[in-house]
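Notes to accompany the following structure.
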Amino acid sequence: MRYTHTFIKLSYLIIIVFLGCKTSNKKESENKDTAQKEIIKKEEAIQNPLITHMYTADPSAHVFNGKLYIYPSHDIESTVTNDEEGNHFNMKDYHVFSMDSIPGEVIDYGKALDVKQVAWAKKQLWAPDAAEKNGTYYLYFPAKDSENIFRIGVATSKKPTGPFTPLPNPMPGSFSIDPSVFKDNDGSYYMYFGGIMGGQLQRWTTGVYLPKDEYPANDSAALSPKIAKLATDMVHFETPPKDVQILDKEGNPIRTGDHDRRFFEAAWMHKYQGKYYFSYSTGDTHKIVYATATNPYGPFTYQGVILKPVIGWTNHHSIVKYKEKWYLFYHDSSLSNGQTHLRCVKVVELHYNTDGSIQTIDPLLK
């Protein structure tokens, strides 16, 4: 009888422990569910993708003849292995889009250029940009040649939407990625370009392409993006590319080890109240930051963060004034649920403080 009583007590204790564990697991599950809902809610607070029928990234926005045009890269599903060379970003063509208002309808004008049309290019049509001069539209784009070296090509059209006809050869003296063309008030055009890691900028430290990466030491000045003034024909450099120097507020070069501020890729130039704003991606710290100067060559003084990290690894942008408002175009990987090589273009209004500084944007908050 004693054993029976003991057995009943033990059984009762087991049931209590079981129910307690079950309740604890339930609470833990509920807590996880709540946390997950909070994450989803936060991610849902981001701006809506402008384009949803295809994956797009690296948006270069321009206003031509009063209309807003977007020149992005076109992400595709890739079977290429994810590596530090960026080979899984295996884009093959470009589309051009337009908008009459923000927010508003986005029009896709179809394929504007295909890698198969480019005689010198082997693969990887990465982030492009566009410019207009005397009624001709120029599409500037990076691609790897037959030796897997990035060069910058040019294609032209009489319409901002294309289709574009590529020149038979890349721009002489061009290298690396992310061409960005800025037209100054005096009618001069400048190209800013470059990108480290997969963008190969680190392989041009001697002026000749090196087969292996060569980075400066962490306490040395970081690799610089490049600037070159364009010739009157818009398809050659008038002067050889020069370094774009980025300094801290004490006048010292930003260091290689300063991953929160050093240049990685995605150069962009715009002008506000007579001052030159050079913005770029920090790459592995996933931010868009900016520096300012009094002339297009710099040196530029680092000022701060424009865009905090987005969903996905890469961060690439453009800044444009449209209908008296300033906008930041950027991309993230929300449309593909976080797949870094499948991105979507977004836009948010940009605001300046009275001293000319740019207000930081958190893409995960309204």
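Note that these values count all heavy atoms, side chains included, but never hydrogens, waters or copies made by symmetry.
Not counting sequence neighbours, the partners of H270 by the ring-ring contact (aromatic ring centres under 6.0 Å, His included) test are Y277, W326. Every residue meeting the side-chain contact (heavy atoms from CB on, under 4.5 Å) condition with K249, not counting sequence neighbours, appears here in chain and number order: T301, Q303. With sequence neighbours left out, the ring-ring contact (aromatic ring centres under 6.0 Å, His included) criterion links F300 to F278. Remark: N295 engages Y297 in a side-chain contact (heavy atoms from CB on, under 4.5 Å) (not counting sequence neighbours). Every residue meeting the side-chain contact (heavy atoms from CB on, under 4.5 Å) condition with K271, not counting sequence neighbours, appears here in chain and number order: F182, D184, N185, Y276. In this view, P160 and F64, Y69, Y71, Y137 satisfy the side-chain contact (heavy atoms from CB on, under 4.5 Å) rule, not counting sequence neighbours.
The residue from N218, D284, T285 that alone fulfils the side chain to side chain donor-acceptor pair (under 3.5 Å) condition with H259 is D284. Results of the side chain to side chain contact (heavy atoms under 4.5 Å, CB included) test with F97 over I107, I51, V345 single out I51 as the only residue that passes.
Residue A143 comes nearest to W120 through the heavy atom pair O-CZ3, 3.5 Å, listed as atom of the first residue, atom of the second, then distance. For P299 against A293, the heavy-atom pair with the smallest separation is O-CB, 3.3 Å. Taking every heavy atom of both residues into account, A119 and P168 meet most closely at CB-O, 4.0 Å. Shown here for M269 and P296, the closest heavy-atom pair between the two residues is CE-O, 4.3 Å. Nearest heavy atoms, P128 versus S73: CD-N, 3.8 Å.
Panel note: side chain T56, backbone P72; no donor-acceptor pair is recorded below 3.5 Å. Within the 3.5 Å criterion, the main-chain N or O of S220 finds a donor-acceptor partner in the side chain of T256. When atom types are taken as modelled, the side chain of N169 and the backbone of P172 share no donor-acceptor pair closer than 3.5 angstrom. Panel note: side chain S336, backbone Q339; a donor-acceptor pair is recorded below 3.5 Å. A donor-acceptor pair is defined here as one N or O able to donate and one able to accept, closer than 3.5 Å; no such pair exists between the side chain of R203 and the backbone of Y209. The backbone N or O of I152 lies less than 3.5 Å from a partner atom in the side chain of S174, making a donor-acceptor pair. The backbone N or O of T205 sits nowhere less than 3.5 Å from a side-chain atom of Q202 that would complete a donor-acceptor pair. A donor-acceptor distance shorter than 3.5 angstrom exists from the side chain of H62 to the backbone of A130, with no hydrogens or angles considered.
The distance from atom CZ of F263 to atom OH of Y280, rounded to the nearest 0.5 Å, is 8.5 Å. Taken to the nearest 0.5 Å, the CG atom of L342 stands 11.5 Å off from the CE atom of M54. Annotation: the span from I358 atom CD1 to Y352 atom OH amounts to 5.0 Å, rounded to 0.5 Å. Considering CD1 of I76 and CG of N90, their distance stands at 5.5 Å, rounded to 0.5 Å. Remark: M171 CE to F141 CZ distance equals 10.5 Å, nearest 0.5 Å.
Grouping Ile, Leu, Val, Met, Phe, Trp and Tyr residues whose side-chain heavy atoms lie under 4.5 Å apart, directly or via other members, leaves L247 alone, with no other cluster members. Residues near V208 contribute nothing to a hydrophobic cluster around it, because no ILVMFWY side-chain heavy atom sits closer than 4.5 Å to its side chain. Through side-chain heavy atoms spaced under 4.5 Å, either directly or across other Ile, Leu, Val, Met, Phe, Trp or Tyr residues, L210 is tied to no other residue.
A donor and an acceptor atom, one from each side chain of N353 and Q359, are located under 3.5 Å apart. Judged purely by distance below 3.5 Å, without hydrogens or angles, the side chains of D83 and T81 never pair a donor atom with an acceptor atom. Checked by atom type, the side-chain pair S188/K183 shows no donor-acceptor distance below 3.5 Å. Remark: the S334 side chain and the K346 side chain contain an N/O donor-acceptor pair separated by less than 3.5 Å. Between the side chains of D75 and H341, not a single donor N or O lies within less than 3.5 Å of an accepting N or O.
In summary, K122 and D145 do not engage in a salt bridge, as defined by a charged side-chain N under 4.0 Å from a carboxylate O. One finds a salt bridge joining R261 and D258 here, because a Lys/Arg side-chain nitrogen approaches an Asp/Glu carboxylate oxygen to under 4.0 Å.
Contact check for F193 versus V244: no side-chain heavy atoms found under the 4.5 Å cut-off. Using a 4.5 Å heavy-atom threshold, the side chains of L68 and F329 count as touching. Side-chain contact between M197 and Y215 is present, with at least one heavy-atom pair separated by less than 4.5 Å. Looking at heavy atoms from C-beta onward, K123 lies in side-chain contact with N87 at the 4.5 angstrom threshold. Between I177 and Q200 the shortest side-chain heavy-atom distance does not fall below 4.5 Å. In this structure, the side chains of K226 and S176 stay at 4.5 Å or more apart for every pair of heavy atoms. Side-chain contact between Y272 and T292 is absent, with no heavy atoms from C-beta onward closer than 4.5 Å. Side-chain atoms of Y330 and P363, non-hydrogen and from C-beta on, do get closer than 4.5 Å to each other.
Grouping the Ile, Leu, Val, Met, Phe, Trp and Tyr side chains by contacts below 4.5 angstrom, directly or via other members, places V106 apart from L335. There is no path of hydrophobic side-chain contacts, each under 4.5 Å, that joins F164 to V235. The hydrophobic clustering, which links ILVMFWY residues whose side-chain heavy atoms are closer than 4.5 Å, places V347 and I361 apart. Placement of L50 and Y94 in two distinct hydrophobic clusters is found when ILVMFWY residues are connected by side-chain heavy-atom separations under 4.5 Å, directly or transitively. Under a hydrophobic clustering in which Ile, Leu, Val, Met, Phe, Trp and Tyr are joined whenever their side-chain heavy atoms come within less than 4.5 Å, directly or via other members, W126 and V154 fall into different clusters.
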Audit row: T136, N134, side chain to side chain donor-acceptor pair (under 3.5 Å) steps and yes/no: CA-CA 6 Å; T136 298; N134 298 331; over 6 Å; no

Step by step, work out the side-chain contact (heavy atoms from CB on, under 4.5 Å) result for K133 and T232. CA-CA 9 Å; K133 183 178 180 181; T232 55; 3.9 Å; yes

Mind listing the side-chain donor-acceptor pairs of residues 315-324 below 3.5 Å, one per line with the distance, residues two or more places apart or on another chain?
{"from": "N315", "atom 1": "ND2", "to": "H286", "atom 2": "O", "distance (Å)": "2.8"}
{"from": "H316", "atom 1": "ND1", "to": "D58", "atom 2": "OD1", "distance (Å)": "3.3"}
{"from": "H317", "atom 1": "NE2", "to": "S279", "atom 2": "OG", "distance (Å)": "2.7"}
{"from": "S318", "atom 1": "OG", "to": "P59", "atom 2": "O", "distance (Å)": "2.7"}
{"from": "S318", "atom 1": "OG", "to": "A61", "atom 2": "N", "distance (Å)": "3.1"}
{"from": "Y322", "atom 1": "OH", "to": "D100", "atom 2": "O", "distance (Å)": "2.8"}
{"from": "K323", "atom 1": "NZ", "to": "D100", "atom 2": "O", "distance (Å)": "2.6"}

Distance-only donor-acceptor pairs under 3.5 Å for side chains of residues 109-116, two or more places apart:
{"from": "Y109", "atom 1": "OH", "to": "S98", "atom 2": "OG", "distance (Å)": "2.8"}
{"from": "K111", "atom 1": "NZ", "to": "D114", "atom 2": "OD2", "distance (Å)": "3.1"}
{"from": "D114", "atom 1": "OD1", "to": "K116", "atom 2": "N", "distance (Å)": "2.8"}

Under 3.5 Å donor-acceptor pairs involving side-chain atoms of residues 305-314, not counting sequence neighbours:
{"from": "T314", "atom 1": "OG1", "to": "H331", "atom 2": "NE2", "distance (Å)": "2.7"}
{"from": "T314", "atom 1": "OG1", "to": "R343", "atom 2": "NH1", "distance (Å)": "3.1"}

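Ring orientation note: the planes of Y190 and Y192 are tilted relative to one another, at an angle of 30° to 60°.
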